[in-house]
Amino acid sequence: MSTLNSPQKQAVEHLGSPLLVLAGAGSGKTRVITEKISWLIQNRAVSPADITAVTFTNKAAREMKERLQQRLGEAENLQGLTVSTFHSLGMKILRLHAKDLGLRSGFSIIDPRDVTTVLSETLRADPIHNKDLVNQVARRISGWKNLGLSVSEALQFAEDPIAQTAASAYKEYQRYLLACNSVDLDDLIFLPSQLFRDQPEICRSWQLRIRYLLVDEYQDTNAAQYQLVKQLAGDGKRLTVVGDDDQSIYAWRGAQPQNLAVLAEDFPNLTVTKLEQNYRSSARILKAANHVIANNPRHFDKSLWSDLGHGEVIRIIPADNEKLEAERAVSGIMRHQFKHRSSHGDFAILYRSNHQARELEIKLREMRIPYKISGGSSFFDRGEIRDVMAYLRLLTNPSDDTAFLRIINTPRRGIGASSLEKLAGLAGKRGQGMFHTLADPELHLILQSRQAKSLQAFGNEMGALSKRATDGDPIDCVNALLEAVEYQRWLHKSCETADADRRWENVRLLVDWLEAADRQATEDRTLPELVTELILNDALDQQKDEENVDQVNLMTLHAAKGLEFPHVFIVGVEENILPHKVSVEEGSDEEERRLFYVGITRAMRSLTLSYARRRKRFGDSVECEPSRFLQELPAEDVEWEDQLSLSPEQQQDTGRAHLASIRALRNRQ
DNA sequence: GATTCAGATATTTTT
DNA sequence: TATCTGAATC
């Protein structure tokens, strides 16, 4: 506690009115939250069970828990303390009040990628039914939920024809989800807030239950999340939110950074504390960041400062094309490593969009530098994982028609479209799920005997397994499932050996994760609990977290938020990339500037920026301009490593020679 | 029901 | 340019 600076201390010890902590980059905001929780428990004798801290990512939640455990030691019993993501908290609320919302126990979360499939079906009759329409409708529905708007509100406010189409699709979609005893990810926030609005006494019970509410990365909350926060906070006397409007980079996803300002209106007795001392970056880096962000109009003015010394100048590297840019970034890293004896993990290369990682990957591989790429396509986007997840969902929630349809022919069971149509028809007539209908005596009458038999066999098999799912050990059940459907054999039958092995490996990873999660838990968990945890938790994320190996970090600027690295490279600092073309066209260049700001403030000791003068775009080479943001950097703190005087061939040669000398040096070691 | 070929499509994506 | 998806055909 003694090591906290004065505003940090103020924030930690503040009680009695709602508190907004405006925490600049690297100013120790997570620390303030953990210290505050510790202080509440140790100095104010608050029971851990009365405290809930909310974050956006599982990783942030995990880290916060770890830090608390460290800070308080084993002696303190943290039993009952809630540190969770918005979505897990929503899930917890939904579980307890499923009945009030027309859901049955074991309800499942629909695979986000199946949403478009469902909507496509819903919109089948629409005259302009195409992929674009479906995607637009999906975005609208998600947008409405993020705004906290119900079906009737959407129907009421829909003005343009697409909005009207979307609103009626919204109605259908919700009906479908309810029939499947499913919710989507947005519902995890939206439904609890609807519930609290409609049933104030339930809301009151949660206010009493949560008491001390702390929210991290508050600038990233959307309208529905804020609504939920407000409902849970009650009079707000025990509410603490921490955020930084300069780091708001998710407005395109519905985040409303103005929620920071709205807080002062909704809670007139709001106390505001600013954290402006940065403990991460050198003064130069911070000055550069301040210069850049000063070009944005800001609601809350902050001036970050640091006493970590001047530090190195910021280097700007122009390269002739994207290949040379990658080469210079990689050789820059290697040079740095030899000069400062730093390890791979001290470096991060950040970029605006995922495809930029490719050239870097090629070069890093060429130079045999270990690296890890965060982000890109998720573990849960893989077909095999979605298959297994669909099986698990069906086991825990037999009404889940989406899951049923996904796996009924995986592996092949000889059930064609017409059989499924008949089955769906009968299910509709009976008003029940397709899986339930497998046991219907009438099925034999409407289907050919082979199909009927196959379906029945499937029904029996899954029925037996779902008994095990509820009674027995969840892991045994999963293994039995994979065995019963001969999933591994199916993989080998449906793809090349190497591919099949890789996919099977992923499935095993999933099972391993389930096992780990099961073991970690203090009490026995049921399969449904594990399955929702799987959907809300990124298994790969956790996996990556654990293998703390020494590798150069590659990630998007978005993915870098909340992280720090001794040495940071930002590549592709060009017009049309950073700021991104689409953002400029949409007029959201301020968010792009914040994105650049986030990138800069990740750096502790050195920062290198690069851009290419030409770049391959969809095949042909186009000219590129350095980013407007580069001119916003303080001239006295940057150094341009221009090689303008050299021809591209010569440049390539010097680059090669450079790499060769470094390689030679390394081999000698 | 599987394979192949043509066409679309490339910004970020905490859950 | 490379990759992925869906439709058409065998």
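Lettering follows sequence order; numbering is per chain, from 1.
With hydrogens and angles left out, the side-chain atoms of Ser142(A) and Asp186(A) include a donor and acceptor closer than 3.5 Å.
If you check dT11(B), dT15(B), dT12(B) against the side chain of His87(A), the one that comes closest is dT15(B). Side-chain atoms of Ser353(A) lie closest to dT12(B) of the nucleotides dT12(B), dT14(B), dT15(B). Taking only side-chain atoms of Glu586(A), from C-beta outward, the nucleotide of dT11(B), dT12(B), dT14(B) with the closest atom is dT11(B).
If you measure from atom CG of Leu536(A) to atom P of dT15(B), you get 9 Å, rounded to the nearest angstrom. If you take CG of Leu578(A) and P of dT12(B), they are 13 Å apart, rounded to a whole angstrom. The interatomic distance linking Asn222(A) (CG) with dT12(B) (P) rounds to 21 Å, in whole Å. For Asn146(A) and dT13(B), the CG to P distance is 17 Å, given to the nearest whole Å. Distance CD (Gln219(A)) to P (dT14(B)): 16 Å, rounded to an integer number of Å. The separation between Leu191(A) atom CG and dT15(B) atom P is 20 Å, rounded to whole Å. Computed from coordinates, the Lys616(A) NZ to dT3(C) C1' distance equals 17 Å when rounded to whole Å. One can place CG of Asn576(A) at 15 Å from C1' of dA10(B), the figure rounded to the nearest angstrom.
Using a 4.0 Å heavy-atom criterion, one finds that Tyr250(A) contacts the bases of the nucleic acid, with or without backbone contacts as well. Note on Asn409(A): nothing from the nucleic acid sits closer than 4.0 angstrom, heavy atoms only. Among the atoms of the strands shown, none is found under 4.0 Å from any heavy atom of His355(A).
Ring stacking holds between His580(A) and dT11(B), with the centres under 5.5 Å apart and the planes within 30 degrees of each other. Stacking between Trp252(A) and the base of dT12(B) is present: ring centres sit under 5.5 Å apart and the planes differ by under 30 degrees.
Residue pairs satisfying the salt bridge (Lys or Arg N to Asp or Glu O under 4.0 Å) criterion with at least one member in residues 187-196 of chain A, sequence neighbours excluded, are listed as follows: Lys145(A)-Asp187(A).
A parallel orientation is assigned to the rings of Trp144(A) and Tyr170(A), their planes being inclined by less than 30° (bins at 30° and 60°).
Nucleotides dC4(C) and dT11(B) are separated by 16 Å at their P atoms, to the nearest Å.
Within the structure, every side-chain polar atom (N or O) of Asn58(A) is placed at least 4.0 Å from both OP1 and OP2 of dT14(B). The phosphate of dT13(B) has OP1 or OP2 within less than 4.0 Å of a side-chain N or O from Asn354(A). Taking side-chain N and O atoms only, Arg358(A) has a distance below 4.0 Å to OP1 or OP2 of dT3(C). Applying the 4.0 Å criterion to OP1 and OP2 of dT13(B), one finds that Thr556(A) has a side-chain N or O inside that range.
For Tyr218(A) (side chain) and Asn259(A) (main-chain N/O), a donor-acceptor pair under 3.5 Å exists by modelled atom type.
The residues Lys561(A) and Asp220(A) are annotated as salt-bridged, a charged nitrogen and a carboxylate oxygen being separated by less than 4.0 angstrom.
Place Arg413(A) and Val582(A) on DNA chain B by their nearest nucleotides, and Arg413(A) ends up nearer the 5' end.
Residues Asn146(A) and Arg253(A) come closest through the heavy atom pair OD1-O, 3.9 Å.
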